[in-house]
Protein chains: 2
Amino acid sequence: MPTAAKESQADRPKRRVGRPRAAQGPDGGAAPAAEPRDQILAAASELFTVQGYTATSTRAIAARAGMRQASMYYHFPSKEALLSSLLETTVAPSLEFAEWALAERDASAEARLWALARIDAAQLAGAEHNLGALYLLPEVQQEAFAPFRQMRGRLRDSYRELLGRTDPARDYPPGGLAERAHLVFGLVEGVILARLEHAPVADPATYSAGVADGVLRLAGSRDLPFARRQGLRLCADWIGRSEHLPSSTTPKDRA
Amino acid sequence: MPTAAKESQADRPKRRVGRPRAAQGPDGGAAPAAEPRDQILAAASELFTVQGYTATSTRAIAARAGMRQASMYYHFPSKEALLSSLLETTVAPSLEFAEWALAERDASAEARLWALARIDAAQLAGAEHNLGALYLLPEVQQEAFAPFRQMRGRLRDSYRELLGRTDPARDYPPGGLAERAHLVFGLVEGVILARLEHAPVADPATYSAGVADGVLRLAGSRDLPFARRQGLRLCADWIGRSEHLPSSTTPKDRA
DNA sequence: ATTATCTATAGATCTATAGATAATGC
DNA sequence: ATTATCTATAGATCTATAGATAATGC
């Protein structure tokens, strides 16, 4: 079995089935030799955020992934499918956490809200490219992106659910629950807009904790330091948990 | 002189110089007969937000404005110029208010911050189309849009300036001023994201007041009701003021 | 003469499909 | 035989410019 032979160089590209790629000029500095599918997604991720979705040609994506334009279509049926895939990858982790947190009745709603905001904001702030900006593409309103929109809707509902279970101080705060949930959601996703100025946020961990604190202020939390401590623990629990799992359970496809 | 003759119908379009437009099929329900320049901007505003910037052809814009594709170029030198114009129109009023408010030393920093957030959020929430979403277009990073970016930067700086002059309660809040300013700015511009779901926000006035309240909570305000009352008065002053002016002083072009 | 439109078009794209081809795997 | 690429291309755009034309204004 030749494939089992020990590779002499760690970096030596594995021999692959199929016609080899043509020499493509300088490699472009992209990932060394990931799966073609991932190379394409990485290329699209960069180009969509830097140049825009419509302004990015399939030719440019393919070039950056080290192949010819038409070869991309072996891996994805359309340009839309690329965008779909990127969008869903972006919300999935936060949504997974949200659904886990909703079930963790031992922790206070405030702590869970803090943790959700923290994880969500950190994901938005820390991603290599500002993929969250793609949420605003008008194209996303099309039918093809309904699954993504549904996922994002469920995430927003989770915020509302947790927010509704908090126990705000005094007259704090006025306005309907739905409206407050929008403010909270807006504060978190405001990270996307903050990134427009100074490329990646300096320190995503600190920044996202600041966002989570802000969320509890909007919620009228009475004991922020306590909720924050509990929330941090939840984040840690979750991270520990997901490291044991095979590779994070694929998000359950239930509506 | 036939032009001086009293028009029999108020709606009768004024006779204009230049070759008349060709019959264009159903009018599309657009504005009755505004200036061509404004018709074009209105068309672009709708199409850019609904279909996306690159995805909108100059042909589609012209059609909606009731003229042929090439005629648009008599009024604007390029598609980019259209976008520039829309973007600048969107920030200009908030920026004008911000610079006025910065100079109003009689009012507390909190009240001025509340008022700024209120006016800015109301503008974002109340505009017919979600023009704020255009801020995230990658194209906006290009040199051609530097004036817009500079205006938006000055607006953000105004938030920071006012925030820095507030007098927060207790340890409230941690984090550097720049970071808190970003949170505040993010909360306000989160309106843009909220609009993705349910087209125009139900009630922009109430909603934007809620945003402004949220800003003061983030700022750690100690007497929100008082600041809100003062802030409301500032808004009213400003609106009264600008109604007396010829048509709002054009935003001073100083950097 | 001036203005605001029109028609026509150059030149440059762009997405997706068809069908050929160069590897590996059995 | 299967896989993953390649080349070539159909068919449909799209932006901006050139130059003609139909009004008004003087």
Side-chain angles (χ1 to χ4, degrees), chain A residues 1-5 7 12-25 33-41 43-44 47-48 51-84 139 142 144, chain B residues 1-5 7 12-25 33-41 43-44 47-48 51-84 139 142 144:
Chain A
M1 279 180 277
T3 49
E7 288 184 359
R12 171 78 61 79
K14 266 246 292 288
R15 281 312 189 84
R16 285 227 166 87
V17 198
R19 178 167 176 176
R21 295 181 182 182
Q24 292 273 338
E35 291 296 305
R37 201 189 141 83
D38 296 328
Q39 291 181 298
I40 293 169
L41 285 173
L47 293 171
F48 287 171
Q51 310 186 338
Y53 174 67
T54 320
T56 296
S57 67
T58 53
R59 169 156 279 133
I61 297 170
R64 183 158 272 265
M67 63 183 67
R68 301 296 161 105
Q69 186 258 349
S71 303
M72 209 201 74
Y73 285 84
Y74 183 76
H75 302 281
F76 292 91
S78 67
K79 200 177 155 187
E80 275 187 355
L82 276 177
L83 180 56
S84 259
E139 288 85 353
Q142 291 167 10
Chain B
M1 278 178 277
T3 49
E7 290 184 354
R12 172 78 62 82
K14 264 246 291 290
R15 280 314 186 85
R16 286 227 167 85
V17 198
R19 177 168 177 176
R21 296 182 182 181
Q24 292 273 338
E35 291 297 304
R37 201 189 141 85
D38 295 329
Q39 291 182 299
I40 294 170
L41 285 174
L47 294 171
F48 286 171
Q51 311 186 338
Y53 173 68
T54 320
T56 295
S57 67
T58 53
R59 168 155 279 131
I61 296 169
R64 183 158 273 266
M67 62 185 67
R68 300 298 161 102
Q69 187 258 347
S71 303
M72 209 200 75
Y73 284 84
Y74 182 77
H75 301 280
F76 291 92
S78 67
K79 200 177 155 187
E80 274 186 356
L82 275 177
L83 180 56
S84 259
E139 287 85 353
Q142 290 166 11

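Bear in mind that the values here come from a model prediction, so they are computed numbers and not experimental data. A note on names: the letters A, B, ... follow the listed sequences, proteins ahead of strands, and every chain is numbered from 1.
- Taking the side-chain contact (heavy atoms from CB on, under 4.5 Å) definition, one finds that B:A144 meets it with B:E80, sequence neighbours left out.
- Residues passing the side chain to side chain donor-acceptor pair (under 3.5 Å) test with A:Q51 are A:T56, sequence neighbours excluded.
- Between A:R21 and D:dT5 there is a side-chain polar atom (N or O) within less than 4.0 angstrom of OP1 or OP2.
- Pairs passing the ring pair (Phe, Tyr, Trp, His ring centres under 6.0 Å) check and including a residue from residues 52-76 of chain A, sequence neighbours excluded, read A:F48-A:Y53.
- Contacts of B:Q142 classified as side chain to side chain donor-acceptor pair (under 3.5 Å), with partners at least two apart in sequence or in another chain: none.
- Between A:R37 atom CZ and D:dA4 atom C1' there is a gap of 15 Å when expressed in whole angstrom units.
- A straight line from CE of A:M67 to C1' of C:dA22 spans 16 Å, rounded to a whole angstrom.
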- Once base and sugar-phosphate atoms are separated, protein heavy atoms under 4.0 Å mark nucleotides 7-20 of chain C, 5' to 3', with B, S and - as BB-----SBBB--B

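- B:S78 has its side chain out of reach of B:M72: every pair of non-hydrogen atoms, C-beta onward, lies at least 4.5 Å apart.
- By the side chain to side chain donor-acceptor pair (under 3.5 Å) test, B:T54 pairs with B:E139, sequence neighbours left out.
- Take A:Q69 and apply the side chain to side chain donor-acceptor pair (under 3.5 Å) test, not counting sequence neighbours, and it matches A:T58.
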- Report the secondary structure of DNA chain D in dot-bracket form, marking unpaired bases with a dot and bases paired to a different strand with |, and treating Watson-Crick or G-U pairs with both distances under 3.5 Å as paired. ||||||||||||||||||||||||..

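- A sub-4.0 Å separation between OP1 or OP2 of D:dT5 and a side-chain N or O of A:Y74 is absent.
- With sequence neighbours left out, the side-chain contact (heavy atoms from CB on, under 4.5 Å) criterion links A:R68 to A:A22, A:Q24, A:S71.
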